[in-house]
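The block underneath contains the structure these notes are about, expressed in structure tokens.
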Amino acid sequence: MLNLKKSEWGILIFTLFYIIGFSVYYLSIRNYEFLWYVAVLLVFFILIAATLHRSKFDGIILGGLSFWGLLHMAGGGIKAGSDVLYSLNLIPIFQIQNTSVLKFDQAVHLFGFAVATLVVYHLLKPYLNRQTNWKVVYPIIAVAGMGLGAVNEIVEFIAVAAFPETNVGGYANTALDLVFNFLGALAAIFFIHFFYRKKR
């Protein structure tokens with residue numbers, strides 16, 4: 001049995017609950033694209049749960065990862081007007097080709113890869129000390145977070161290749177995803193500097 005705190009158990013149980021719920025839902029509507037994403041999410045859930053005693057992710061990171069997963073699951077299945085939540089235009093700022101900014105999808109990318117960048121920092125933290133040159137480390141952490149964003153685009157590409165109908169979008173959508181991944185990584189760097197490092 002995992003030796004976890006009550007708060008950690010709460011986050012893990014909440015995450016498992018919505019994974020099961022969305023699995024049943026996507027099976028019922030035969031949305032095989034998002035069943036693929038559920039499978040990917042489940043792998044990460046098992047990996048994080050099994051290694052939490054070693055990684056020691058704090059509540060901010062664990063809660064952020066869980067909420068990110070929930071947003072992703074909801075984005076592909078919950079209706080917003082005639083389309084899914086991912087296509088919802090939150091604030092009409094500008095449009096590129098057939099893609100508008102700011103959409104729910106882009107906001108999720110910003111939030112999600114801010115959290116992913118915090119994960120990178122947390123895993124590197126034991127190797128950082130008073131002699132660390134943060135002017136070098138910050139860009140490395142940000143680029144690593146953006147690299148995880150690139151892995152996400154590969155997962156989406158596999159979905160496009162494997163399933164005849166997806167809601168991934170075209171080139172402009174992919175490029176905007178990468179831009180918002182960058183903005184998320186940048187936001188995480190500010191959070192690390194003004195919260196985590198000050199706290200230490």
Side-chain angles (χ1 to χ4, degrees), residues 1-27 34-77 107-130 132 134 137-138 140-156 158-159 177 180-200:
M1 188 174 180
L2 296 174
N3 184 22
L4 303 177
K5 301 173 184 175
K6 286 184 179 179
S7 59
E8 293 169 340
W9 273 115
I11 293 171
L12 290 179
I13 291 170
F14 169 74
T15 306
L16 187 60
F17 177 78
Y18 75 66
I19 288 175
I20 293 171
F22 277 108
S23 297
V24 172
Y25 173 67
Y26 286 126
L27 272 172
F34 265 79
L35 280 174
W36 158 246
Y37 292 134
V38 168
V40 172
L41 182 61
L42 186 59
V43 168
F44 278 106
F45 172 84
I46 293 170
L47 179 64
I48 291 168
T51 59
L52 192 55
H53 65 288
R54 296 187 65 184
S55 66
K56 293 182 171 55
F57 289 139
D58 61 21
I60 292 173
I61 291 176
L62 274 182
L65 288 170
S66 178
F67 188 58
W68 181 18
L70 177 61
L71 290 175
H72 186 53
M73 291 294 96
V108 173
H109 271 268
L110 192 153
F111 174 80
F113 289 98
V115 176
T117 305
L118 294 182
V119 169
V120 172
Y121 165 72
H122 181 85
L123 295 176
L124 287 177
K125 191 166 58 175
Y127 307 99
L128 306 175
N129 53 47
R130 293 183 181 276
T132 296
W134 288 95
V137 171
Y138 280 150
I140 291 173
I141 293 172
V143 169
M146 292 163 60
L148 293 174
V151 172
N152 177 76
E153 296 306 316
I154 292 172
V155 171
E156 289 190 356
I158 293 171
D177 285 352
F180 279 90
N181 293 350
F182 163 72
L183 294 176
L186 191 61
I189 294 301
F190 278 95
F191 187 80
I192 291 165
H193 183 79
F194 291 106
F195 181 77
Y196 277 131
R197 288 191 62 201
K198 297 295 183 184
K199 189 177 178 182
R200 290 180 69 185

### Message
My understanding is that only residues two or more places apart in sequence, or in another chain, count here; which of them pass side-chain contact (heavy atoms from CB on, under 4.5 Å) with Leu42?
### Response
Ile19, Phe45, Ile46

### Summary
Heavy-atom nearest pair, Gly149 first then Asn181, reads CA-ND2, 3.5 Å

### Task
First locate atom CG of Leu70, then atom CZ of Phe14, and finally report the distance between them rounded to the nearest 0.5 Å.
5.0 Å

### Query
Tyr26: what forms a side-chain contact (heavy atoms from CB on, under 4.5 Å) with it, not counting sequence neighbours?
Phe22, Ile29, Asn31, Phe34, Leu35, Val38, Met73

#### Entry: Counterpart residues, side-chain contact (heavy atoms from CB on, under 4.5 Å), relative to Leu65 (two or more places apart)
Ile48, Ile61, Trp68, Val115, Val119

### Task
State, with a plain yes or no, whether a side-chain heavy atom of Leu12 is found less than 4.5 Å away from one of Leu16.
no

### Summary
Sequence neighbours excluded, the answer for side-chain hydrogen bond (donor to acceptor under 3.5 Å, both in side chains) partners of Thr117 is none

### Task
For residues Phe180 and Leu183, determine if any side-chain heavy atom of one lies less than 4.5 Å from a side-chain heavy atom of the other.
yes

### Query
For Phe191, which residues count as a ring pair (Phe, Tyr, Trp, His ring centres under 6.0 Å) partner, sequence neighbours excluded?
Phe195, Tyr196

### Task
For residues Ala185 and Ala142, report the shortest heavy-atom separation together with the two atoms involved.
CB-O, 3.7 Å

### Message
Going by ring pair (Phe, Tyr, Trp, His ring centres under 6.0 Å), name the residues that satisfy it together with Phe190, two or more places apart in sequence or in a different chain.
### Response
none

### Query
To the nearest 0.5 Å, what is the distance between CD (Glu8) and CG (Asp58)?
9.5 Å

### Query
When you measure from the side chain of Tyr18 to the backbone N and O of Ser66, does any donor-acceptor pair fall under 3.5 Å?
yes

### Task
Measure across Gly145 and Val120 and return the closest heavy-atom pair with its distance rounded to 0.1 Å.
N-CG2, 4.2 Å

### Message
Using side-chain heavy atoms (C-beta onward) and a distance below 4.5 Å, is Tyr121 in contact with Leu118?
### Response
no

### Residue list, side-chain contact (heavy atoms from CB on, under 4.5 Å) with Val143, at least two apart or on another chain
none

### Message
Counting C-beta onward and ignoring hydrogens, is there a side-chain heavy-atom pair between Glu153 and His109 closer than 4.5 Å?
### Response
yes

### Query
Of all residues at least two apart in sequence or in a different chain, which pass the side-chain hydrogen bond (donor to acceptor under 3.5 Å, both in side chains) check with Ser23?
none

## Note on the structure
All heavy atoms of Ala114 vs all of Ala188, minimum pair found to be O-CB, 3.3 Å

### Task
Can you sort out the partners of His122 under ring pair (Phe, Tyr, Trp, His ring centres under 6.0 Å), two or more places apart, ordered by chain and number?
Phe57

### Message
If you define the side chain from C-beta out and look only at heavy atoms, does anything of Leu52 sit under 4.5 Å from Leu62?
### Response
yes

#### Entry: Set of residues satisfying ring pair (Phe, Tyr, Trp, His ring centres under 6.0 Å) with respect to Phe17, sequence neighbours excluded
none

#### Entry: Between NZ on residue Lys56 and NZ on residue Lys5, distance to nearest 0.5 Å
9.5 Å

